[in-house]
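Counting starts at 1 for both ligands and their atoms, following the listed order.
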Amino acid sequence: MGDFTVLGLETSCDETAAAVVRGSPPGPGTILSNVVLSQLQEHTPFGGVVPEIAARAHVEALDSIVEAAIAEAAVQPADIDAVAATAGPGLIGGVMVGLTTAKALALAWDKPLIAVNHLEAHALTARLTAGIGFPYLLLLISGGHCQLLAVDGVGQYRLYGSTIDDAVGEAFDKAAKLLDLPYPGGPNIEALAREGNLKAFALPRPMLGREGADFSFSGLKTALRQVVRSSDMNEASRADLAASFQAAVIACLVDRVTAAMNMFRRDFADTVCPMFVVSGGVAANSAIRAALTERAHGRGFAISLPPPALCTDNAAMVAWTGLERLQGGLLDDMSVSPRARWPLYRQAIAETPQ
Ligand code: KG4
Ligand code: ZN
């Protein structure tokens, strides 16, 4: 089968991104360009992403980011087979900007339009980067999501577990606030944790050993708040607390992943060498990567971890997902609408009311 070339746009949170990817499923694909503009500076003073500011920044930046992605890829519109954009879930203002721009480009160039689920884009990244075949067990850990799923094909997802309260990235971001670290919390906690003693504070490990593969992180956050309020924090104890927090998160992730590995083995008993994939922004964390790698190997799973820059939000994963859907004939028409909520395991747009 011939290769496809797809332009992808990503605007669902605080990154304005465009990328051109070439290839064919199952991958790996070639990233011809991958331009990401972070709005970090605009949001940092507010300690989190401000939707209005994000939407305006996407409007201002997107056209030139798209131009840069096309120029860097050295392609002409004629070389592009489809235009894909994140259509949700995410901050609705930003999603509208990206999807509307994609519609305009698809109309102007007379190309198919593909409305991409942002979570599916994270879920399929390991095919773009490593050509991983179906099925695989996926841990999706980002700012808004924390799920364990079996991925059995494009649009074929079976949910094993999800968070009953905060997403793991959200837990990192809230913990960072309590520790007076700037947004986004994940990378800052990871850096501070390197200097601390992970055994210094005994923090809870919610859901450990529970049946199923669900997560919970709000109790951990509450415990952290109590420590911060009740003790005199200094530089060293802040680092200890960051390290202890990260260790508790890792213990929870490893336990829940182990439970999901058992479910995956039960459901896909014929799979000789089962594959475990981790994706989403939190998968950029090197301590988490190391712990999950160790557990995967201990349980006879191969593991695929996309490079950190492709774990956090980017448009290459959106272009790749567009490419997979294009190959499967899963196109959208101009009436497709942006959506703030769009769960992965109920894929079809038609099934999901706004
Ligand atoms: O996937 P992503 O870029 O955006 C969403 O779709 O949510 O994930 C962003 C989340 C943020 O909560 C951020 O704190 C977290 O990923 N994150 C990390 C690290 N890098 C980003 N969490 C822990 N350690 C990191 N190194
Ligand atoms: Zn994301």
Side-chain angles (χ1 to χ4, degrees), residues 8-17 19 34 36-40 43-44 47-49 51 54 58 85-92 94-95 98 116-126 128 138-147 162-163 166-179 181-194 196 215 217 220-221 242-243 245-250 252-253 277-292 305-318 320-321 340-344:
L9 311 184
E10 162 57 42
T11 55
S12 66
C13 193
D14 58 345
E15 264 90 30
T16 313
N34 184 23
V36 184
L37 177 73
S38 170
Q39 302 174 1
L40 205 58
H43 299 290
T44 299
V49 178
H58 288 305
T86 297
L91 300 173
I92 198 68
V95 176
V116 168
N117 180 312
H118 180 87
L119 303 176
E120 179 161 61
H122 279 303
L124 299 178
T125 304
L128 162 65
L138 172 74
L139 172 67
L140 175 52
I141 38 178
S142 72
H145 302 274
C146 186
Q147 301 179 346
S162 59
T163 182
D166 294 346
V168 61
E170 195 179 354
F172 268 99
D173 295 335
K174 287 177 177 171
K177 253 190 186 167
L178 291 168
L179 288 166
L181 293 168
Y183 178 85
N188 290 313
I189 292 218
E190 184 183 2
L192 186 58
R194 271 195 210 105
F215 304 83
F217 293 104
L220 180 54
K221 175 194 64 196
F245 169 80
Q246 188 171 273
V249 168
I250 289 174
C252 296
L253 291 176
V277 168
V278 192
S279 73
V282 182
N285 182 297
S286 49
I288 292 176
R289 294 167 81 88
L292 293 174
L305 296 149
L310 294 173
C311 286
T312 50
D313 287 349
N314 65 86
M317 66 179 189
V318 177
W320 175 261
T321 303
R341 300 180 141 272
W342 185 3
L344 189 52

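For the pair L181/I189, a side-chain contact is recorded, criterion being any heavy-atom separation below 4.5 Å from C-beta on. Side-chain contact between V318 and L9 is absent, with no heavy atoms from C-beta onward closer than 4.5 Å. In this structure the side chain of T312 never reaches within 4.5 angstrom of the side chain of N314, judged on heavy atoms. Looking only at side-chain heavy atoms (C-beta outward), F172 and N285 come within less than 4.5 Å of each other.
Ring geometry, F215 versus F217: the interplanar angle falls under 30°, so the pair is classed parallel (tilted spans 30 to 60°).
The shortest contact between atom 26 (N) of ligand 1 and any protein heavy atom is with E190 OE1, 2.8 Å. For atom 24 (N) of ligand 1, the nearest non-hydrogen atom of the protein is N285 ND2, 3.0 Å. Considering only non-hydrogen protein atoms, atom 23 (C) of ligand 1 sits nearest to G186 CA, 3.4 Å. Scanning the protein heavy atoms around atom 17 (N) of ligand 1, the nearest turns out to be G281 O, 3.6 Å. With hydrogens left out, the protein atom closest to atom 15 (C) of ligand 1 is V282 CG2, 3.9 Å, a heavy atom.
Formation of a donor-acceptor pair under 3.5 Å by the N188 side chain with backbone atoms of P182 is found in this model. A donor-acceptor contact shorter than 3.5 Å links the side chain of E190 to the backbone of S286. Put simply, the side chain of T86 never gets that close to the backbone of H118: no donor and acceptor are under 3.5 Å apart. Although no hydrogens or angles enter the test, the distance criterion places a donor-acceptor pair under 3.5 Å between the side chain of N117 and the main chain of W342. In terms of modelled atom types and a separation under 3.5 Å, the side chain of R341 and the main chain of P89 share no donor-acceptor contact. The main-chain N or O of G185 is found under 3.5 Å from a side-chain atom of D173 such that the two form a donor-acceptor pair.
Distances from atom 3 (O) of ligand 1 to the heavy atoms of L140, I288, D313, N314 put D313 nearest. When the heavy-atom distances from atom 19 (C) of ligand 1 to P89, C13, G144, P187 are ranked, the shortest goes to P187. Residue nearest to atom 10 (C) of ligand 1, selected from G280, G143, C311: G143 (by heavy-atom distance).
Listed by number with element, the atoms of ligand 1 under 4.0 Å from a non-hydrogen atom of G169 are 12 (O). Taking every heavy atom of H122 and a limit of under 4.0 angstrom, the matching atoms of ligand 1 come to 1 (O), 6 (O). Set against the non-hydrogen atoms of H118, the atoms of ligand 1 under 4.0 Å away are 6 (O). Atoms of ligand 1 lying under 4.0 Å from at least one heavy atom of T312, given by number and element, are 3 (O).
Within the protein, the number of N, O or S atoms lying under 2.8 Å from the Zn ion (ligand 2) is 3.
At least one N or O atom of D173 sits closer than 3.5 Å to an N or O atom of ligand 1. On a distance-only criterion, E15 and ligand 1 share no N/O pair closer than 3.5 Å.
The residue H145 has no part lying near ligand 1, judged by heavy-atom distances below 4.0 Å.
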Practice task
In sequence, state the C-alpha distance, the side-chain angles, and the governing distance for Q39 and T16, and then conclude on side chain to side chain contact (heavy atoms under 4.5 Å, CB included).
Solution key: CA-CA 8 Å; Q39 302 174 1; T16 313; 3.4 Å; yes
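In terms of the ring pair (Phe, Tyr, Trp, His ring centres under 6.0 Å) criterion, H58 has no residue partners (sequence neighbours excluded).
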